[in-house]
Protein chains: 2
Amino acid sequence: MEQKIELSQEIRELANIYKAMGHPVRLYILQKLSQMNSCCYSGDLVDELPVGRSTLSQHLKELKYAGLIQGEIEPPYIKYCLNRKNWEKVKTSFHKLFKEDIAI
Amino acid sequence: MEQKIELSQEIRELANIYKAMGHPVRLYILQKLSQMNSCCYSGDLVDELPVGRSTLSQHLKELKYAGLIQGEIEPPYIKYCLNRKNWEKVKTSFHKLFKEDIAI
DNA sequence: TTTATGTTTCGCAAAATAACGAAATGATTT
DNA sequence: AAATCATTTCGTTATTTTGCGAAACATAAA
């Protein structure tokens with residue numbers, strides 16, 4: 001009665017996105033960017049978050065890799081913003097996850 | 001200019017929830033439970049998912065621990081359903097994350 | 001061209017996660 | 001009481017994640 005499925009590319013990608021969101025520092029950054037509806041600088045973040053510069057840089061890298069944020073060089077700073085295009089995608093898939101559920 | 005904050009309990013909890021959602025097997029289970037708007041058995045899942053019984057059990061345990069699902073003993077099976085109360089909480093916080101954004 | 005500034009990469013150590021099979025548990029049936 | 005069935009826990013291994021400081025990289029200012 002083995003009818004093992006291969007987990008779809010779609011679900012694996014979505015899981016990766018949730019994984020990227022699954023750390024308090026990264027979630028804080030996303031929340032901040034989302035709620036301000038604007039951008040911020042690594043230097044600002046490192047002052048308020050309880051991690052060192054290199055660690056923060058790693059988290060930003062992961063968020064970038066997951067496609068959730070993007071960085072623009074604005075010397076001497078780097079300005080980070082949400083990746084709007086992918087952010088929409090996340091919203092859509094989340095909505096889909098709740099498809100048969102009560103509307104949000 | 002150090003104004004380090006302590007990440008709030010709220011954000012840490014929410015991050016834990018996303019972390020729990022951040023694995024394809026667990027996301028598949030949640031999606032299934034959400035979309036069917038019903039419940040399922042561990043035995044059904046192990047037949048379709050590409051992991052062993054003990055591994056699946058671990059994933060179910062994590063989802064339970066994160067408060068996303070609940071298991072009811074229905075001998076000789078265990079029936080798993082969404083934890084509706086917490087599920088609503090997840091939806092709310094997700095919505096909040098998108099607060100200043102275009103409505104879903 | 002040296003110095004300063006903001007950020008990232010490197011190298012490492014500690015902790016957490018994912019996966020498995022074997023053994024244990026709990027409940028039911030023989 | 002023994003056998004059966006569904007599921008979980010245990011013990012282990014391999015991999016990934018998290019975090020740090022030191023060093024490297026840019027870029028701009030002196």
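Computed from heavy atoms alone, side chains included, the values below leave out hydrogens, waters and symmetry copies. Labels below follow one simple rule: chain letters A, B, ... track the order of the sequence lines, proteins then strands, and each chain is numbered from 1.
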- request: Please check the phosphate of D/dT8 (OP1 and OP2 only) for any side-chain N or O of B/S57 closer than 4.0 Å.
  value: yes
field: 5' precedence on DNA chain C between A/Q58 and A/Y77 (nearest-nucleotide basis)
entry: A/Y77
- request: With the side chain counted from C-beta on, respond yes when A/E48 and A/K32 share a heavy-atom pair under 4.5 Å apart, and no when they do not.
  value: yes
message: Hydrophobic clustering (ILVMFWY, side-chain heavy atoms < 4.5 Å, transitive) - are B/Y28 and B/Y41 grouped together?
response: no
message: Measuring to OP1 and OP2 of D/dC20, would you say a side-chain N or O of A/S54 lies under 4.0 angstrom away?
response: no
message: Does a side-chain N or O of B/Y80 approach OP1 or OP2 of D/dT8 to a distance below 4.0 Å, or not?
response: yes
query: Does the side chain of A/H59 get closer than 4.0 angstrom to OP1 or OP2 of D/dG19 through an N or O atom?
result: yes
field: Carboxylate-amine/guanidinium proximity below 4.0 Å for B/E13 and B/K19
entry: no
Residue-phosphate contact under 4.0 Å: B/H23 side-chain N/O, D/dT16 OP1/OP2: no
- request: Determine the interplanar angle of the B/F94 and A/F94 rings, folded into 0 to 90°, and report it as parallel if under 30°, tilted if 30 to 60°, perpendicular if over 60°.
  value: parallel
Min side-chain heavy-atom separation B/I69-B/C81 under 4.5 Å: no
message: Within the 3.5 Å criterion, strictly below it, is a donor on B/E62 or B/Q58 matched to an acceptor on the partner's side chain?
response: no
message: What is the separation between atom CD1 on A/I78 and atom P on D/dC25, rounded to the nearest whole Å?
response: 16 Å
message: For a quick check of understanding: with a heavy-atom distance under 4.0 Å over all strands, which category does A/K79 fall into, base, sugar-phosphate or nothing?
response: nothing
statement: Closest to the side chain of A/T55, out of D/dG19, D/dT16, D/dT9, is D/dG19
query: To the nearest angstrom, how far is B/K19 atom NZ from D/dT16 atom P?
result: 16 Å
- prompt: Expressed in angstrom and rounded to an integer, what is the separation of A/R53 atom CZ from D/dG21 atom C1'?
  reply: 13 Å
- prompt: From the 5' end of DNA chain C to its 3' end, which nucleotides mark the outer limits of contact with chain A, defined by a 4.0 Å heavy-atom distance cut-off (strictly under)?
  reply: C/dG6 to C/dT9
- prompt: When the distance from CG of B/L63 to P of D/dT8 is rounded to whole Å, what number comes out?
  reply: 12 Å
- line: Closest to the side chain of A/R26, out of D/dT18, D/dT9, D/dG19, is D/dT18
message: If you assign A/S42 and B/P76 each to the DNA chain C nucleotide with the nearest heavy atom, which residue ends up on the more 5' nucleotide?
response: A/S42
message: Output the rounded distance in Å from NZ (A/K61) to P (D/dT18).
response: 13 Å
- request: Using a 4.5 Å cut-off on heavy atoms from C-beta on, say whether the side chain of A/Q31 contacts that of B/L14.
  value: yes
query: Checking all strands, does A/E74 fall into the base, sugar-phosphate, or nothing category for heavy-atom contacts under 4.0 angstrom?
result: nothing
